[in-house]
There are 2 protein chains.
Amino acid sequence: MARKPADQSVSKDDIIIAAADVLKRNGYDATTMKDIAAQVNLTAASLYHHFKSKDFLLLAVLEIGLEHAIQLIEQTLHSNQSYAEKLREMIETHIIGVTENTAFGAAMVFEMKALINARPNGDKEDEFIQRRDAFFARRDYFESLFRRSIHAGIEAGEFRSVDAAIVTRAMLGAHNWVGVWYKDGGRLSGEAIAAIMADTFLTSLKYSAED
Amino acid sequence: MARKPADQSVSKDDIIIAAADVLKRNGYDATTMKDIAAQVNLTAASLYHHFKSKDFLLLAVLEIGLEHAIQLIEQTLHSNQSYAEKLREMIETHIIGVTENTAFGAAMVFEMKALINARPNGDKEDEFIQRRDAFFARRDYFESLFRRSIHAGIEAGEFRSVDAAIVTRAMLGAHNWVGVWYKDGGRLSGEAIAAIMADTFLTSLKYSAED
DNA sequence: GCTATAATCGAACCAGCATTTGATTATTTT
DNA sequence: AAAATAATCAAATGCTGGTTCGATTATAGC
């Protein structure tokens with residue numbers, strides 16, 4: 001080891017956070033390595049000491065964002081509340097997470113295509129594809145947390161019988177979209193938005209008079 | 001006029017449709033003018049006879065997609081049904097539209113950033129900005145159709161009192177997202193998906209036992 | 001103090017791609 | 001058939017931006 005990873009030195013995570021930020025503003029292709037580097041007072045060349053390529057950097061951004069979201073949601077699973085209350089907490093947690101970090105939230109929506117399209121050359125290719133597939137698997141897992149939660153609620157008789165897969169995707173679409181339009185300092189706080197949306201979906205899932 | 005716009009000649013609309021298709025597969029930046037041209041058996045240079053620049057072509061794609069969607073929705077407004085049934089029709093129409101033309105649907109989600117980021121140079125700048133702003137205005141108008149519909153339903157006492165703006169965005173987020181994950185030949189048809197999602201939101205809006 | 005190595009930079013490389021230019025071919029109008 | 005113009009292309013231009021290379025500087029371990 002050499003050169004302390006403190007002081008003048010920038011950590012991998014610093015770069016990832018900076019990248020997410022620039023990415024949010026400009027999108028993947030419009031973001032240059034120079035832009036990202038400037039954000040942490042480095043030159044573009046220096047970034048290659050930390051990441052194999054721009055693609056790998058994007059992947060790292062998405063991985064961190066997703067793992068953070070997964071971690072938040074997994075925490076809510078341990079509570080002892082009803083399925084309805086648990087789902088409400090999941091939805092609110094997710095949306096608040098998106099509004100608190102729109103950089104990662106927006107990346108999750110917009111940069112997906114860039115990830116799919118990335119074609120690393122030569123030797124790095126294998127590792128990249130492997131990690132990308134792993135990322136998609138995690139993404140599916142994330143979705144499954146919500147789907148299973150709905151399923152469980154149906155089984156337990158708390159929710160009416162719906163197509164859990166579709167309702168899940170409707171929910172996640174709504175959540176992701178928040179990252180696109182949400183602006184800090186708007187009419188409603190992230191918490192307020194989260195509460196309204198959670199209410200929207202829970203009201204839909206609970207048994208109503210008409211049934 | 002010269003050179004018939006039939007036969008060997010390609011129409012502006014042909015190019016737009018081709019562009020939407022390539023765009024959907026690759027995303028704006030990864031799509032080259034050559035790619036689009038190839039799709040209609042032209043060279044990249046030829047495209048400049050029909051469009052001032054790549055940015056203008058993207059704009060044309062988005063405009064067409066949006067106007068189509070608006071037109072579909074506006075048709076449903078004239079019906080004489082209850083607000084609930086009207087909204088159901090709007091939702092289903094929109095989602096089916098997205099699934100029937102995922103190219104435009106996905107563009108509406110993914111290429112928005114490219115549009116915002118576009119910086120045309122010199123003379124074309126003014127016209128571009130103007131048209132782009134007009135596009136955003138139309139986009140707001142599209143959103144307002146749903147929002148007003150919800151409002152009207154609340155006023156009429158058909159829907160419970162919700163924050164129409166937020167619920168609208170939840171809905172549109174869900175709809176847009178369909179364009180991202182929907183695959184032809186999947187478990188459910190576009191109609192089926194549309195019905196489930198419409199049901200999800202309408203159930204949420206109608207008065208339920210708990211209230 | 002050496003030595004290995006981490007972290008960084010400046011400069012160069014090079015490929016891809018939007019766009020321009022100038023010519024060519026087809027089609028319509030008169 | 002001549003003139004005007006629409007539609008097209010091949011080739012050249014020029015720039016942007018990812019990536020590589022070699023050198024330099026700082027730090028940790030011995």
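As the structure is a prediction and not an experimental result, all values here were calculated from the model. Note that these values count all heavy atoms, side chains included, but never hydrogens, waters or copies made by symmetry. Per chain, numbering begins at 1; letters A, B, ... match sequence-line order.
Rounded to an integer number of Å, the gap from B/I15 CD1 to D/dT8 C1' is 11 Å. Between the CG atom of A/L42 and the P atom of C/dT8 there is a distance of 5 Å, rounded to whole Å. Distance, B/K54 NZ to C/dA18 P: 4 Å, rounded to whole Å. Taking atom CG of B/L47 as the reference point, atom P of D/dA7 lies 13 Å away to the nearest angstrom. In this structure, B/I36 places its CD1 atom 8 Å from P of C/dA18, rounding to the nearest Å. Per the geometry, CG belonging to A/L58 stands 12 Å off P belonging to D/dG18, to the nearest Å. Per the geometry, CZ belonging to B/F51 stands 15 Å off C1' belonging to D/dT8, to the nearest Å. Atom pair B/K34:NZ and C/dG16:P shows a separation of 9 Å (rounding to whole Å applied).
For D/dG17, neither phosphate oxygen OP1 nor OP2 lies less than 4.0 angstrom from any side-chain nitrogen or oxygen of A/T32. In terms of phosphate contacts, B/H49 brings no side-chain nitrogen or oxygen within less than 4.0 Å of OP1 or OP2 of D/dT8. For the pair A/T43 and C/dC9, the criterion of a side-chain N or O lying under 4.0 Å from OP1 or OP2 is met. The phosphate of D/dA6 has neither OP1 nor OP2 within less than 4.0 Å of any side-chain N or O from B/H50.
Taken from CG in A/D21 to OG1 in A/T102, the straight-line distance is 8.0 Å, to the nearest 0.5 Å.
Counting non-hydrogen atoms under 4.0 angstrom, A/N41 reaches the backbone sugars and phosphates but no base. When heavy atoms are screened at a 4.0 angstrom cut-off, A/D35 is found touching no nucleic acid atom at all.
Within 6.0 Å of OH in A/Y83 there are 12 or fewer heavy atoms belonging to other residues, nucleotides or ligands.
Here C/dA18 is the nucleotide among D/dG18, C/dA18, C/dA11 with the atom lying nearest to any side-chain atom of B/Y48. Comparing C/dT19, C/dA18, D/dT19 by their nearest atom to the side chain of B/A44 picks out C/dT19.
Taking 4.0 Å as the cut-off between side-chain N and carboxylate O, B/E89 and B/K86 do not count as a salt-bridged pair.
Ring centroids of A/F110 and A/Y28 are separated by 6.0 Å or more, keeping the two rings apart.
Contact check for A/F146 versus A/I73: side-chain heavy atoms found under the 4.5 Å cut-off.
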